[in-house]
Amino acid sequence: MLESVSATGTGSEQQAGELLRVGLLVEVTGESFTARLDPRKDTVAAMERGADQHMPPGQVGSYLKIANGNSFVLVMVERSYHAADKQGRAVNMVHLTPLGELDAEGQFQRGVSSYPMSGARIYTVNPESLERIFAGYGDADFRVGRLASFDSIGVHLDASSFFGRHAAILGQSGAGKSWTVTSLIQSTLTAMPEAHIILLDMHGEYSDKEVDGIVSRSPFHAAGKVRSFKAEELEFPYWLLSFSELCDLLINPEDDHASIQISAMRTALIKLRKEVNEHLNLGHITVDSPLYYSLEDLNHALKEANRATTDFGKEKLATFGKFDQVLVRLSSLLNDNRYDFLMRPKQRTSSESLTGLMKDLVGLGTPRASVSVIDLSAVPYDVVPLVAAQIGRLTYEFNFWNPRCRDFPLFLICEEAHEYIPREDIPRFREARRTMERISKNGRKYGVGLCVVSQRPHDVSETVLAQCSSFICLRISNPDDQEYVRSMVPDAARGTFSALTSLSKGEAVALGEAVPMPVRFRVDLPDPPPNSTDIDYSGKWRSVGEEIDVEKLVNNWHTQER
């Protein structure tokens, strides 16, 4: 039965006019409600009498509210189904997830302090109430999209919660992750032009690049606040590696002599760093101090240890012959020009050059930038985790040692995070995993936020995802990924996650502290888009395109340049 009730006594609804009843509550538990909707003809009549609802009441993903004294409990429809009443007539039932409370003034608050009784009346939620909730909760100028059910209502994020308490953007390949990241950063630059964002670009989607004379600009170029660096241009030299990272690079942990190698290398590094940087009068120097030393000198010291004898060569010392594998590995790295940015730096050849690197990394170089895009697409696959670990560690160390860290917050975006922050404890990824987990657990104290972007959330470190307080989930079809994300996210409604398989491209579900409640929305289209648009197979295969210069292709392959 349709019931129209005057909104006397509740300030928020006095502004909206009449309350339009659509059903009754029949069952209440601590985590969900069940309700019976009024007959469909009455619901249609309700909509015709003024309920500005883009989707019919009771449709999965729509919002309703339940009368509870002088306030309302806001709920989301999780499931809709038919049942038979005592007379055998079909009735429309819905399963509801409580999201929070609307007080007499229309202010929304997370959580439910007082549950409604069975038999309570259920009403539609008008667009004005929803707009007040979403616009009032987040930053008014930090909009990321529009509600899927009300295209006129923008979805705003709480910037401090999203950036300061870590976030994750998850979705399968082709769901729109790159577009979402681009749109998010563009919105950030519009609302907060003095942001400090560092983006690990695994495939050159966000960088300035030139191929055969064709220049592709970064999608953030229009804002004039972006600097793009290739890893080999910026240079992350060997002497900035932590001791554990250097050991991972040079020493095989399964080598029978690994413990001797580690001990001897520790002694040699401390000695070299002290000798080369004596002019700085630093006093206390440790094996992890970010100070220059010559790799040739380290190579020489290891060779000396490998052939160390006493008594005019009659007695071999403990290190004799123990560094054969280390020296072979070091020699191969030095002779491979793909690793020159790491092993043979041209700019970073003194301890003093660290200042310039740190400035460029966080956007304080010349010119200044709000977004630093680090293009890792040309970095050899086997050292990508090591370079990612270094960038993450330098970002963290910048604010760890910065007395004004709370005035200069940083945000690190890890694209394709599953490629270097794996869930499993694999030796080659250990340092990257350890660094990102350190940021996820301690970064908030020093103003370092982390965003994990991945198409395979099931393969991403559980520790990192568990520390994320906000999630933007695009289409996820894989059951393992769905279940893994469901176990990680806060206040997750089961119905919200069942919708992940049916999301269209660019449509997402946001959950966590950055939004007032779980919300399905359409991401604002980035302008311009990233360099990751889908290839038009149908169009390209129907016409003859430009001739491919295979000789140049092979030459690029030979020289390892794109």
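- At least one side-chain heavy atom of Leu357 sits less than 4.5 Å from a side-chain heavy atom of Phe236.
- The two residues Pro219 and Gln186 make their nearest non-hydrogen contact at O-NE2, 2.9 Å.
- Side-chain atoms of Glu437 and Ser440 include no donor-acceptor pair closer than 3.5 Å.
- Annotation: Ile548, atom CD1; neighbour count of heavy atoms from other residues, nucleotides and ligands within 6.0 Å does not exceed 12.
- Ser244 and Glu431 share a donor-acceptor pair across their side chains, judged by distance under 3.5 Å alone.
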- Can you check side chain to side chain contact (heavy atoms under 4.5 Å, CB included) on Val373 and Val371, steps first, answer last? CA-CA 6 Å; Val373 181; Val371 181; 3.9 Å; yes
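- Partners of His156 according to the ring pair (Phe, Tyr, Trp, His ring centres under 6.0 Å) rule, which considers only residues two or more places apart in sequence or in another chain, do not exist here.
- Contact check on Arg438 versus Glu397 returns a salt bridge, with a Lys/Arg side-chain nitrogen under 4.0 Å from an Asp/Glu carboxylate oxygen.
- Under the 4.5 Å side-chain criterion, counting only non-hydrogen atoms from C-beta, Ser218 is not in contact with Arg227.
- For the side-chain hydrogen bond (donor to acceptor under 3.5 Å, both in side chains) condition, the pairs that include at least one residue of residues 191-201, sequence neighbours left out, are Asp201-Ser207.
- A side-chain donor-acceptor contact under 3.5 Å links Thr180 to the backbone of Gly176.
- Between the NZ atom in Lys505 and the NZ atom in Lys177 there is a gap of 10.0 Å [rounded to 0.5 Å].
- Side-chain contact between Ile413 and Ile198 is absent, with no heavy atoms from C-beta onward closer than 4.5 Å.
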- Task: Would you check, one step at a time, whether the test side chain to side chain contact (heavy atoms under 4.5 Å, CB included) holds for Leu291 with Ile285?
- Result: CA-CA 9 Å; Leu291 296 169; Ile285 292 178; 3.7 Å; yes
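- Within 6.0 Å of CZ in Arg430 there are more than 12 heavy atoms belonging to other residues, nucleotides or ligands.
- Asp288 contributes a side-chain N or O that, together with a main-chain N or O of Phe243, makes up a donor-acceptor pair within less than 3.5 Å.
- For residues 414-437, no pair satisfies ring pair (Phe, Tyr, Trp, His ring centres under 6.0 Å), with sequence neighbours left out.
- Taking CG of Leu394 as the start and CG of Leu412 as the end, the distance is 11.0 Å to the nearest 0.5 Å.
- Of the possible donor and acceptor atoms, one in the side chain of Ser187 sits under 3.5 Å from a partner among the backbone N and O of Arg143.
- Between Phe163 and Phe411, the angle of the ring planes goes over 60°, which puts this pair in the perpendicular group of the 30/60° scheme.
- Side-chain contact between Val328 and Asp324 is absent, with no heavy-atom pair separated by less than 4.5 Å.
- Side-chain atoms of Tyr292 do not come within 3.5 Å of backbone N or O of Leu240 as any donor-acceptor pair.
- Heavy atoms of other residues, nucleotides or ligands lying less than 6.0 angstrom from CZ of Arg428 number more than 12.
- Side-chain N/O atoms of Ser477 and Gln172 include a donor and acceptor closer than 3.5 Å.
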Review item, side-chain donor-acceptor pairs of residues 260-271, under 3.5 Å, at least two apart:
residue	atom	partner	partner atom	Å
Gln261	NE2	Asp255	OD2	3.1
Gln261	NE2	Lys322	O	2.7
Thr267	OG1	Ser263	O	3.2

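- In this structure, the side chain of Trp239 engages the main chain of Arg348 through a donor-acceptor pair within 3.5 Å.
- At least one donor-acceptor pair under 3.5 Å links the side chain of Ser372 to the backbone N or O of Leu361.
- Looking only at side-chain heavy atoms (C-beta outward), Val448 and Pro409 stay at 4.5 Å or farther from each other.
- For Gln390 (side chain) and Pro385 (main-chain N/O), no donor-acceptor pair under 3.5 Å exists by modelled atom type.
- Applying the ring pair (Phe, Tyr, Trp, His ring centres under 6.0 Å) test to Tyr206 and every residue at least two apart in sequence or in another chain returns nothing.
- A pairwise comparison of heavy atoms in Asp208 and Ser228 identifies N-OG, 3.1 Å as the closest pair.
- Using a 4.5 Å heavy-atom cutoff, the side chains of Met517 and Tyr137 are not in contact.
- Between Glu507 and Arg475 no salt bridge is recorded (no basic side-chain N to carboxylate O distance below 4.0 Å).
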- Do Glu205 and Ser178 pass the side-chain hydrogen bond (donor to acceptor under 3.5 Å, both in side chains) test, and can you show the C-alpha distance, the side-chain angles, and the key distance before you say yes or no? CA-CA 8 Å; Glu205 297 173 310; Ser178 299; 3.3 Å; yes
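- The two residues Leu280 and Ser351 come nearest to each other via the heavy atoms CD1-CB, 4.0 Å.
- Here Arg329 does not pair with Asp336 in a salt bridge; the nearest charged N to carboxylate O distance is not below 4.0 Å.
- The pair Arg404-Asp407 meets the salt-bridge criterion, since a charged nitrogen lies less than 4.0 angstrom from a carboxylate oxygen.
- Taking both residues in full, the closest heavy atoms of Cys414 and Leu200 are given as SG-CD1, 4.2 Å, listed atom of the first, atom of the second, then distance.
- Proximity of a side-chain donor or acceptor of Arg433 to a complementary backbone N or O of Pro422 within less than 3.5 Å is detected.
- Without hydrogens or angle criteria, Thr319 side chain to Ala305 main chain gives a donor-acceptor distance under 3.5 Å.
- For the pair Leu249 and Leu342, the minimum side-chain heavy-atom distance is below 4.5 Å.
- Here the CG atom belonging to Leu170 is positioned 12.0 Å from the CD atom belonging to Gln482, to the nearest 0.5 angstrom.
- Residues Asn399 and Val362 form no side-chain contact, since every pair of their non-hydrogen atoms from C-beta on lies 4.5 Å or further apart.
- Contact between Pro457 and Ser454 at its shortest, heavy atoms only, is N-OG, 3.7 Å.
- Between the side chains of Ser289 and Thr286, at least one donor N or O sits under 3.5 Å from an acceptor N or O.
- Expressed to the nearest 0.5 Å, how far CG of Leu157 lies from CG of Leu184 amounts to 7.0 Å.
- Judged purely by distance below 3.5 Å, without hydrogens or angles, the side chains of Asn337 and Asp340 never pair a donor atom with an acceptor atom.
- Looking at every heavy atom in both residues, Thr435 comes nearest to Gly392 through CG2-C, 3.6 Å.
- Between Phe408 and Phe398, the ring planes are tilted. Angles from 30° to 60° get that label.
- Between the side chains of Arg423 and His458, at least one donor-acceptor pair of N or O atoms lies under 3.5 Å.
- For the atom pair CZ of Arg456 and CD of Glu416, the computed distance is 12.0 Å after rounding to the nearest 0.5 Å.
- Remark: Tyr446 pairs with Tyr396, Phe400 by the ring pair (Phe, Tyr, Trp, His ring centres under 6.0 Å) rule, at least two apart or across chains.
- How far CG of Leu376 is from CD1 of Ile374: 7.5 Å, rounded to the nearest 0.5 Å.
- Side-chain contact check for Tyr484 and Asn478: no donor-acceptor pair (N or O, by modelled atom type) lies under 3.5 Å.
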